[in-house]
Protein chains: 2
Amino acid sequence: MTRPSSGLHDRILASALHLFVERGYRGTSLQDIATDVGCSKASLLYHFSNKEAILTELMAPVMREAERLDARLDGLDGAAAAETAVTEFAELAIRYRREVKMLFDNLAEATTLGTALQKPESFGERLVNAFAGGSLAPADQVAARMALGGMFLTAADLSLDDAVLRDLLVATALRTLGRTPD
Amino acid sequence: MTRPSSGLHDRILASALHLFVERGYRGTSLQDIATDVGCSKASLLYHFSNKEAILTELMAPVMREAERLDARLDGLDGAAAAETAVTEFAELAIRYRREVKMLFDNLAEATTLGTALQKPESFGERLVNAFAGGSLAPADQVAARMALGGMFLTAADLSLDDAVLRDLLVATALRTLGRTPD
DNA sequence: TCAGACTCTGACCGATCGGACAGTTATCGT
DNA sequence: ACGATAACTGTCCGATCGGTCAGAGTCTGA
């Protein structure tokens with residue numbers, strides 16, 4: 001680069017994340033982001049090919065972590081799958097709190113939106129299965145969905161110390177699943 | 001009325017509910033609804049003063065039930081509050097599945113939107129407190145949020161028999177809260 | 001029969017959306 | 001000193017948004 005980088009790229013991401021979380025993806029216009037950053041709307045489209053590219057880049061780290069977790073769960077079953085899934089998902093949901101909140105604030109639009117929010121959908125289903133320990137019994141499936149949904153919502157909403165909240169999420173989710181933590 | 005009512009009013013509501021659930025409130029334009037109904041966009045605004053009025057009327061029955069539940073919880077505390085809240089909320093969430101799904105699909109926009117989606121916010125907080133049995137301990141608060149969030153998401157997503165799902169929601173939520181059902 | 005009320009619509013409006021593009025400015029290596 | 005290139009912006013665009021309005025068509029009660 002010739003001109004000293006002002007770090008605009010990262011500032012755009014920061015503002016976009018903040019606004020997407022607060023008002024949703026559709027509820028945030030490029031002009032909103034530009035105003036918040038303090039640059040022109042055209043600058044956004046210089047750094048990102050389009051609006052969705054901003055969302056995609058914001059979600060990229062979460063997606064990577066999600067795929068890693070997905071791979072780890074692949075060989076597991078039963079109690080091992082459930083406990084691993086719960087523990088790792090808690091860690092992930094806490095670390096990427098804002099991204100997680102952004103994600104489910106736009107679940108309805110996920111279908112319309114491109115690939116940025118489509119992988120998480122199938123990932124969610126595999127997580128539910130892991131939570132259920134592979135069981136297809138209605139009671140286990142419902143418990144799995146409730147545990148996952150509960151962690152999802154609670155991690156995004158609550159403002160508690162990260163470590164404390166993570167441990168509580170894990171313990172409570174395991175209780176929901178009927179698996180007493182060791 | 002002079003001309004035999006074509007029931008357009010209700011058909012608009014039905015289409016709007018369907019589309020709001022599928023694509024979100026912001027993701028659904030008046031033209032989308034009009035096309036789905038098979039009438040002109042101007043007809044929508046003949047029957048409803050504006051777009052938000054459609055949403056408000058869709059949410060009206062849920063709001064009434066929510067207020068009734070709210071009143072019932074007012075005098076209760078501890079285990080009685082938790083069990084009543086869980087049981088009644090399960091009933092409500094199941095009966096108004098689609099409206100509930102519509103509600104949390106638009107949580108991020110609730111602040112922007114008018115009164116239609118604002119009452120539920122404070123109602124949610126009171127529900128959490130009831131779920132927690134009045135306790136302010138972090139463990140109880142987290143469990144309450146997870147139980148509520150879990151019911152919320154699971155009632156909206158799953159396609160199970162109503163009665164079966166309702167009983168499972170109640171049993172699982174009580175387990176999450178650490179309250180063994182009688 | 002006919003005035004009036006009800007239902008519905010086409011045409012139009014200003015605002016805003018995401019995005020395209022040519023041009024300006026600043027800074028680099030040579 | 002001087003292109004070359006990266007960073008950035010003003011301006012414009014077509015599409016679509018929610019919403020208005022004058023009127024057309026249709027039925028009822030007097």
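Residue numbers begin at 1 in each chain, while the letters A, B, ... track the order of the sequences.
Taking atom CZ of R11(A) as the reference point, atom P of dA7(D) lies 14 Å away to the nearest angstrom. Between the P atom of dG18(D) and the CG atom of L55(B) lies a distance of 13 Å, rounded to the nearest Å. If you take CD1 of I33(A) and C1' of dC17(C), they are 13 Å apart, rounded to a whole angstrom. One can place CG of N50(B) at 22 Å from P of dC13(C), the figure rounded to the nearest angstrom. Between the CG atom of L44(A) and the P atom of dT9(D) there is a distance of 9 Å, given to the nearest Å. One can place CZ of R26(B) at 12 Å from C1' of dT16(C), the figure rounded to the nearest angstrom.
For Q31(A), the listed nucleotide lying nearest its side chain is dC17(C); candidates were dT9(D), dG19(C), dC17(C).
Taking the six-membered ring where tryptophan is involved, the planes of F89(B) and F152(B) are essentially parallel, since the angle between them stays under 30° and well short of 60°. Taking the six-membered ring for Trp and thresholds of 30 and 60 degrees, H9(B) and H47(B) have ring planes more than 60 degrees apart, a perpendicular arrangement.
Contacts of L45(A) with the nucleic acid, taken as non-hydrogen atoms under 4.0 Å apart, include base atoms.
Contact annotation: S43(B) side-chain N/O to dC8(C) OP1/OP2 distance is not under 4.0 Å. Dashed line: the shortest gap from a side-chain N or O of H47(A) to OP1 or OP2 of dC8(D) is under 4.0 Å. Between S29(B) and dC17(D) there is a side-chain N or O to OP1 or OP2 distance below 4.0 Å. In this model, the phosphate group of dA7(D) is approached by a side-chain N or O of Y46(A) to a distance below 4.0 Å at OP1 or OP2.
Between the side chain of K41(B) and the base of dG19(D), at least one donor-acceptor pair of N or O atoms lies under 3.5 Å.
A cation-pi contact, defined as under 6.0 Å to the ring centre and within 45° of the axis, links K51(A) to Y25(A).
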List, one per line, each side-chain donor-acceptor pair under 3.5 Å for residues 164-172 of chain B, sequence neighbours excluded.
from: R166(B); atom 1: NH1; to: E91(B); atom 2: OE1; distance (Å): 3.2
from: T172(B); atom 1: OG1; to: L168(B); atom 2: O; distance (Å): 2.7

